[in-house]
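Working notes for the structure below.
Quick note on labels: first sequence line is chain A, next is B, and so on, each numbered from 1. What you see is a predicted model, and the numbers here were worked out from it, not measured in a lab.
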Amino acid sequence: MNDLPERVLSWYAEHQRDLPWRRPGTTPWSVMVSEFMLQQTPVARVLPVHEAWLDRWPTPSALADETSGEAVRAWGRLGYPRRALRLHAAATVIRDEHGGEVPDTYEQLLALPGVGDYTAAAIASFAFGRRHVVLDTNVRRVLARTLTAAEFAAPAVTRAERDLAGSVLPGSDEDAAAWAAASMELGAVICTAARPACERCPVVDLCAWHAAGRPAYDGPARKVQDYAGTDRQCRGRLLAVVRDADSPVPRGRLEAEWHLPEQRDRALASLLADGLLAEVEPGWFALP
DNA sequence: CAGCCGTGGCT
DNA sequence: TAGCCAAGGCT
């Protein structure tokens, strides 16, 4: 009744991108690092940082033995640097509670800092070949289009959507894991948010959205965050000063970076509260 | 659960 | 050009 998985799997076998964390001999740790970095950051920007991390910290224990500040520094400009903190914290849990080995079950993975439903399912699936619904923004868009004739999925995952994803998940662990990777890949390179390449799509003839004439999205408004002038931008600017310095930075250097005192102080306080910065002595700041 | 958490490339 | 968007998680 539904050839979708089979057709997408065939396409993937031939067209998948050659990514480091997919190569034969990759480790669960490499997969895990990639998943953290890929949370809201494009593949092209992740590639060089991922390689540097794996060279420097080939195992979770190697990272756990470093300071969290080194993780933040090596994160560079990937964005959302709390992910670096959480990855370091997860590595510490793996070293201390899992014998240094990335756990292989969804439940154990989900318990790690920075690992939510998607990342737990992705690591269990890609690194250990387990059968899980892996519902990321790509898969959600592919399913919305092919199965429900909608241009985009709703802002939040619904029960019905999860059930629908489960209904097309292949039965075997091996095929399910391959489907997870393949459906994500299709969304990433063909069934994209803007300008989908339907002319190259392996399942265009099965696609409900295409059959309906590619109608424009008409669901609940999808939120687009502002950035310029926000606390996020201010935090980024302050953190960049410290990250790019090789010794502690005086408060004055940070004050020069943002002209609104109230917002700057709020941002600095939140960076300290998050553990992204440390006040090493009064008025002097460094990575933790 | 809606809002917050970075950054840069593309159209 | 100014949005739009990118393999989410946490509170």
Side-chain angles (χ1 to χ4, degrees), chain A residues 12 16-17 19-22 30-50 72 75-87 89-90 109-127 132-142 151-159 165 177 179-189 191-196 216-217 220-244 263 266-267 269-271 273-277:
Chain A
Y12 182 69
Q16 64 175 289
R17 290 169 295 176
L19 300 173
W21 45 89
R22 286 180 179 164
S30 177
V31 172
M32 180 170 163
V33 171
S34 79
E35 290 304 336
F36 269 72
M37 292 182 172
L38 288 165
Q39 291 169 1
Q40 302 286 281
T41 302
V43 169
R45 288 174 51 208
V46 164
L47 284 170
V49 183
H50 178 269
V72 171
W75 196 255
R77 306 187 66 81
L78 284 183
Y80 292 140
R82 293 191 296 187
R83 291 181 293 165
L85 242 33
R86 291 174 184 147
L87 182 50
L109 289 162
L110 187 62
L112 297 173
V115 177
D117 169 70
Y118 162 76
T119 302
I123 297 172
S125 185
F126 303 152
H132 289 285
V133 170
V134 180
L135 211 49
D136 81 320
T137 187
N138 290 304
V139 176
R140 296 187 65 212
R141 188 173 54 249
V142 167
E151 185 181 17
F152 298 113
V157 177
T158 64
R159 175 58 188 274
W179 160 251
S183 55
M184 285 177 61
E185 186 80 345
L186 187 69
V189 304
C191 194
T192 51
R195 294 171 171 262
Y217 177 76
R222 301 185 300 149
K223 42 192 175 282
V224 192
Q225 295 182 20
D226 291 329
Y227 182 60
T230 62
D231 286 10
R232 264 181 16 268
Q233 184 186 30
C234 183
R235 284 166 53 104
R237 294 272 288 273
L238 299 184
L239 183 60
V241 170
V242 179
R243 191 181 56 224
D244 298 340
Q263 188 176 35
R266 184 171 63 241
S270 71
L271 287 168
D274 286 349
L276 283 165
L277 284 184

Measure from CZ on A:R222 to P on C:dC4 and round the result to the nearest Å.
9 Å
Protein heavy-atom contacts under 4.0 Å, written 5' to 3' over nucleotides 6-11 of chain B as B (base), S (sugar-phosphate only) or - (none), form the string BBS--S
Hey, is the main chain of A:V31 close enough, under 3.5 Å, to the side chain of A:E35 for a donor-acceptor pair?
no
Roughly, in whole Å, what's the span from CG in A:L135 to P in C:dA7?
13 Å
Rounded to whole angstroms, how far apart are CZ on A:R266 and P on B:dC4?
11 Å
Not counting sequence neighbours, which residues clear ring pair (Phe, Tyr, Trp, His ring centres under 6.0 Å) with A:Y227? List them please.
none
Please tell me if A:S34 has a side-chain N or O lying less than 4.0 Å from either OP1 or OP2 of C:dA7.
no
Those residues that, when tested against A:R77, pass salt bridge (charged side-chain N to carboxylate O under 4.0 Å, His left out) (two or more places apart):
none
Salt bridge (charged side-chain N to carboxylate O under 4.0 Å, His left out) partners for A:R140, two or more places apart:
A:E161
Is the phosphate of C:dA6 approached by A:R141 (side-chain N or O, under 4.0 Å from OP1 or OP2)?
yes
Return the value, rounded to whole Å, for the distance between atom CZ of A:F152 and atom P of C:dC4.
11 Å
Sticking with atom C1', work out how far B:dC5 lies from B:dC1, rounded to a whole angstrom.
16 Å
d(CD, A:E35; P, C:dG8) in whole Å
9 Å
If we call it a pair only when both distances are under 3.5 Å in a Watson-Crick or G-U wobble match, what pairs with C:dC10?
B:dG3
For A:H132, which residues count as a side chain to side chain donor-acceptor pair (under 3.5 Å) partner, sequence neighbours excluded?
none
Base, sugar-phosphate, or nothing for A:L19, non-hydrogen atoms under 4.0 angstrom?
base
Between P of C:dC5 and OH of A:Y217, the distance in whole Å
11 Å
For the P atoms, the ones on B:dT11 and on C:dA7, what distance do you get once it is rounded to whole angstrom?
15 Å
The side chain to side chain contact (heavy atoms under 4.5 Å, CB included) partners of A:A89 (sequence neighbours excluded) come to A:P113
Return yes if a side-chain donor-acceptor contact under 3.5 Å exists between A:Q40 and A:R83, otherwise no.
no
What's A:W75 touching, base or sugar-phosphate or nothing? Going by heavy atoms closer than 4.0 Å.
nothing
Please give, in whole Å, the distance from B:dC5 P to A:K223 NZ?
15 Å
Pairwise 5' ranking along DNA chain C for A:L110 and A:T137, keeping only the more 5' one
A:T137
Just to be sure I understand the rule, does A:A122 reach a base, reach only the sugar-phosphate, or reach nothing, if contact means heavy atoms closer than 4.0 Å?
nothing
A:Y12 and A:A181 have their tightest heavy-atom pair at OH-CB, 3.6 Å
Return the nearest nucleotide to the side chain of A:N138; candidates are C:dA7, C:dC5, C:dG8.
C:dA7
Separation of A:L87 atom CG from B:dC5 atom C1', in whole Å?
17 Å
Would you classify A:R17 as touching base, sugar-phosphate or nothing, given that sugar-phosphate means primed atoms plus P, OP1 and OP2, and contacts are heavy atoms under 4.0 Å?
base
